[in-house]
J.: 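A single structure is presented below for examination.
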Amino acid sequence: MTRPRDLTGRTALVTGAASGIGAAVVTELLARGAGVVAVDLAEPDTSAGDAFAVVRGDVTDPATLDAAFAAAHRLGAGADILVQSAFGGTPAPLDEQAEPAWDRMLHVVLTAARRFDTAFARQTGAAGGAIVHIASPHAFGAVPGFSAYAAAKAGLLALTRAVAVEYGPRGVRCNAVAPGFVPVARNRHVWENPEQSAALLRASPLGRFGDADEIARAVGFLASPESSFVNGACLAVDGGMTAMLPEALLR
Ligand SMILES: NC(=O)c1ccc[n+]([C@@H]2O[C@H](COP(=O)([O-])OP(=O)(O)OC[C@H]3O[C@@H](n4cnc5c(N)ncnc54)[C@H](O)[C@@H]3O)[C@@H](O)[C@H]2O)c1
């Protein structure tokens, strides 16, 4: 699919960029003409030449944040776009989850996002910028074992609105994308399980899973001038999954 070259001259910082949706976002932003700083614990597969830089590190570590913005200054005149996709953790029932694991999830998904957002807004000039948070349907509905993830993602949506309202006057827009189920290496145990994948597909009006590229295209839109009046929104890119009530399964 041909991509608009509407991010030429812009520099994007993408967290969680080494795999899955974050890696697809890197490809999308590069295709739209942006330079990209990829931040991740792991080494990204992509090697995209002069317009691409890698910062290996944990988003909760202030040194990673400093290195990421320093790389954005080397690549361009600082970051104009920030996409936050980093996430990791193990599901656990409410009464079994150890508090450090709960804290870690909130730290990676929410506290680190706030730090990157504030650092981003401090270094943007009059031209402003665009932030995109990768949220989740878990922000709207609960699944046993995912309380920390749900709390963190619901918090991320609250942060999306707070940033949109506080930084909007400086020309910084902030929006979220809530992807439906997207098969990636991390959730292979679900989509390779015939019963689990069939159950999930019944809950999808389009009858299929999403593709990381489909999420990345929505991120590209929210990062680009095409969405210049969109601020504080959450775009569900889930094939209609969160629009559907369980009663629909009876029809
Ligand atoms: N795949 C889905 O079905 C789905 C659905 C809804 C939302 N999401 C969201 O999409 C985003 C990307 O998830 P994904 O499915 O592509 O998973 P993924 O595991 O492929 O990608 C997550 C990336 O984050 C990195 N990461 C984890 N902890 C980090 C840390 N502390 N510091 C730096 N990097 C770190 C990992 O190394 C990995 O590369 C996440 O925010 C997730 O919540 C995914």
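All figures in this text were calculated on a predicted structure; none of them were measured in a lab. Side chains are part of it too, since the values below use all heavy atoms of this structure and drop only hydrogens, waters and symmetry mates.
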J.: Would you say that T64 contacts V39 through its side chain, given a criterion of any heavy-atom pair below 4.5 Å between the two side chains?
T.: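 Result yes, sub-4.5 Å side-chain heavy-atom pair found.
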J.: List in chain and number order the residues that pass ring-ring contact (aromatic ring centres under 6.0 Å, His included) with Y149, two or more places apart in sequence or in another chain; answer none if no residue qualifies.
T.: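 Listed in chain order: F87, H138.
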J.: Locate the shortest heavy-atom distance separating P183 from G210; write the atom from each residue and the value.
T.: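 Minimum heavy-atom contact is CD-O, 3.2 Å.
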J.: Taking a hydrophobic cluster as the set of Ile, Leu, Val, Met, Phe, Trp and Tyr residues connected by side-chain heavy atoms closer than 4.5 Å, whether directly or through intermediates, do F181 and V219 fall within one such cluster?
T.: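 They do not share one cluster, since no chain of ILVMFWY contacts under 4.5 Å joins F181 to V219.
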J.: Is any side-chain heavy atom of D213 closer than 4.5 Å to a side-chain heavy atom of E28?
T.: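 In short, these two side chains do not touch, never coming nearer than 4.5 Å.
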J.: With a 3.5 Å distance limit and no angle check, can you tell me whether E226 reaches the backbone of F221 through a side-chain donor-acceptor pair?
T.: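 Checking the backbone N and O of F221 against the side chain of E226, no donor-acceptor pair under 3.5 Å is found.
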J.: Can you tell if the side chain of I134 reaches within under 4.5 Å of the side chain of V83, non-hydrogen atoms only?
T.: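 Yes. Closest side-chain heavy atoms under 4.5 Å.
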J.: Test of understanding: with side chain to side chain donor-acceptor pair (under 3.5 Å), list the residues that count as partners of D238, not counting sequence neighbours.
T.: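 Expected list: T242.
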J.: Less than 4.0 angstrom from a charged side-chain N to a carboxylate O is my criterion; do R104 and E99 meet it?
T.: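 Salt bridge flag = no for E99 with R104.
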J.: Any donor-acceptor pair under 3.5 Å linking the side chain of D61 with the backbone of D58?
T.: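 Absent.
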J.: How long is the straight-line distance from CD of E43 back to OG of S19, given to the nearest 0.5 Å?
T.: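 Between atom OG of S19 and atom CD of E43 there are 12.5 Å.
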J.: For S147 and L94, which heavy atoms make the closest approach, and how far apart are they?
T.: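 Closest approach of S147 to L94, heavy atoms only: OG-CD2, 3.3 Å.
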J.: Determine whether M105 and L159 fall in the same hydrophobic cluster, where Ile, Leu, Val, Met, Phe, Trp and Tyr are linked whenever their side-chain heavy atoms lie under 4.5 Å apart.
T.: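 Per the 4.5 Å side-chain linkage, M105 and L159 are co-clustered.
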J.: Kindly give the heavy-atom pair with the smallest separation between Q97 and T90, and that separation in Å.
T.: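 Minimum heavy-atom separation between Q97 and T90: NE2-O, 4.2 Å.
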J.: Could you give me the CA-CA distance, side-chain angles and deciding distance for D211 and R217, then say whether salt bridge (Lys or Arg N to Asp or Glu O under 4.0 Å) is met?
T.: CA-CA 10 Å; D211 190 277; R217 289 204 295 276; over 6 Å; no
J.: Counting neighbours of CZ on R115 that are heavy atoms of other residues, nucleotides or ligands and sit closer than 6.0 Å, is the number greater than 12?
T.: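 Yes, because the 6.0 Å sphere around CZ of R115 holds more than 12 heavy atoms from other groups.
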J.: Within the structure provided, determine whether K153 and L157 are in side-chain contact (heavy-atom separation under 4.5 Å).
T.: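 No, their side chains stay 4.5 Å or more apart.
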J.: When rounded to the nearest 0.5 angstrom, what is the spacing between CG in L29 and CG in L7?
T.: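 Those atoms lie 6.5 Å apart.
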J.: Find out if a path of hydrophobic residues (ILVMFWY) with successive side-chain heavy-atom gaps under 4.5 Å connects F120 to V109.
T.: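 Yes; V109 is reachable from F120 via cluster members.
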J.: Heavy atoms, side chains only, cut-off 4.5 Å: are R56 and L41 in contact?
T.: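 Side chain of R56 against side chain of L41, heavy atoms only: no contact under 4.5 Å found.
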J.: Start with the C-alpha distance between C174 and H133, add both sets of side-chain angles, then the distance that settles side-chain contact (heavy atoms from CB on, under 4.5 Å), and finish with yes or no.
T.: CA-CA 8 Å; C174 183; H133 293 152; 3.5 Å; yes
J.: Tell me if the CD atom of E247 is crowded by more than 12 foreign heavy atoms within 6.0 Å.
T.: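 Incorrect, the count does not exceed 12.
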J.: Which heavy atom in P137 sits nearest to a heavy atom in G180, and how many Å separate them?
T.: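 Residues P137 and G180, closest heavy atoms: CG-CA, 4.4 Å.
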J.: Strictly below 4.0 Å, N to O, side chains only: are R170 and E166 in salt-bridge contact?
T.: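 Looking at E166 together with R170, the answer is no, because their closest N to O distance does not fall below 4.0 Å.
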J.: Check step by step if side-chain contact (heavy atoms from CB on, under 4.5 Å) holds for V177 and L222.
T.: CA-CA 9 Å; V177 168; L222 290 172; 3.5 Å; yes
J.: Does V14 reach the side chain of V36, with side-chain heavy atoms less than 4.5 Å apart?
T.: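 Yes, side chains in contact.
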J.: Of all heavy-atom pairs between Q84 and A113, which one has the smallest distance, and what is that distance?
T.: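 Looking at all heavy atoms of both residues, the closest pair is NE2-O, 2.8 Å.
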J.: Please check: side-chain N/O of D80 versus main-chain N/O of G128, any donor-acceptor pairing under 3.5 Å?
T.: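 Here the side-chain-to-backbone pair does not exist.
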J.: Short question: side chain of T124, backbone of G129 - any donor-acceptor pair under 3.5 Å?
T.: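 Side chain of T124 to backbone of G129: no pair is present.
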J.: Would a distance-only check, ignoring hydrogens and angles, find a side-chain to backbone donor-acceptor pair under 3.5 Å from R3 to R32?
T.: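 Flag not set: sc R3 to bb R32 has no pair under 3.5 Å.
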J.: Is there a donor-acceptor pair under 3.5 Å between the side chain of D40 and the backbone N or O of A17?
T.: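 Yes, D40 side chain to A17 backbone: donor-acceptor pair under 3.5 Å.
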J.: Using the rule that Ile, Leu, Val, Met, Phe, Trp and Tyr join whenever any side-chain heavy atoms are under 4.5 Å apart, tell me whether F69 and V172 fall into a single cluster.
T.: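 As far as the 4.5 Å side-chain criterion goes, V172 and F69 are connected within one cluster.
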J.: Are V237 and V26 connected, step by step, through hydrophobic side chains (Ile, Leu, Val, Met, Phe, Trp, Tyr) whose heavy atoms are closer than 4.5 Å?
T.: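 Yes, same cluster.
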J.: Is it the case that the side chain of Q123 and the backbone of A79 share a donor-acceptor pair, with hydrogens and angles ignored and the cut-off at 3.5 Å?
T.: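 It does hold such a pair.
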J.: Quick one: does any side-chain atom of T15 pair with a main-chain N or O of A86 as donor and acceptor, under 3.5 Å?
T.: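 Judged by distance alone, yes, a pair lies under 3.5 Å.
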J.: Less than 4.5 Å apart, any side-chain heavy atom of P179 and any of M241?
T.: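 Not touching, per the 4.5 Å side-chain cut-off.
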J.: Does any part of the side chain of L65, heavy atoms only, come nearer than 4.5 Å to the side chain of F116, both counted from C-beta?
T.: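 Of all side-chain heavy-atom pairs linking L65 with F116, at least one is under 4.5 Å.
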J.: Heavy atoms only: give me the nearest S204-G239 pair and the separation to one decimal.
T.: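 Closest approach of S204 to G239: OG-O, 4.4 Å.
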J.: Go through L200 and W191 one step at a time and tell me if the side-chain contact (heavy atoms from CB on, under 4.5 Å) criterion holds.
T.: CA-CA 9 Å; L200 277 177; W191 52 268; over 6 Å; no
J.: Between OG1 of T11 and CZ of R74, what distance do you get to the nearest 0.5 Å?
T.: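 So the OG1 of T11 and the CZ of R74 are separated by 12.0 Å.
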J.: Decide whether R173 and S227 meet the rule of one side-chain donor and one side-chain acceptor closer than 3.5 Å.
T.: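 Per modelled atom types, R173 and S227 side chains form a pair under 3.5 Å.
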J.: Test side-chain contact (heavy atoms from CB on, under 4.5 Å) on I131 and N175 and set out the steps.
T.: CA-CA 6 Å; I131 299 173; N175 294 289; over 6 Å; no
J.: So does A31 get a backbone contact from the side chain of R5, meaning a donor-acceptor N/O pair under 3.5 Å?
T.: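 Looks like yes, one N/O pair under 3.5 Å.
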J.: When you measure from the side chain of N193 to the backbone N and O of Q196, does any donor-acceptor pair fall under 3.5 Å?
T.: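 A pair under 3.5 Å: yes.
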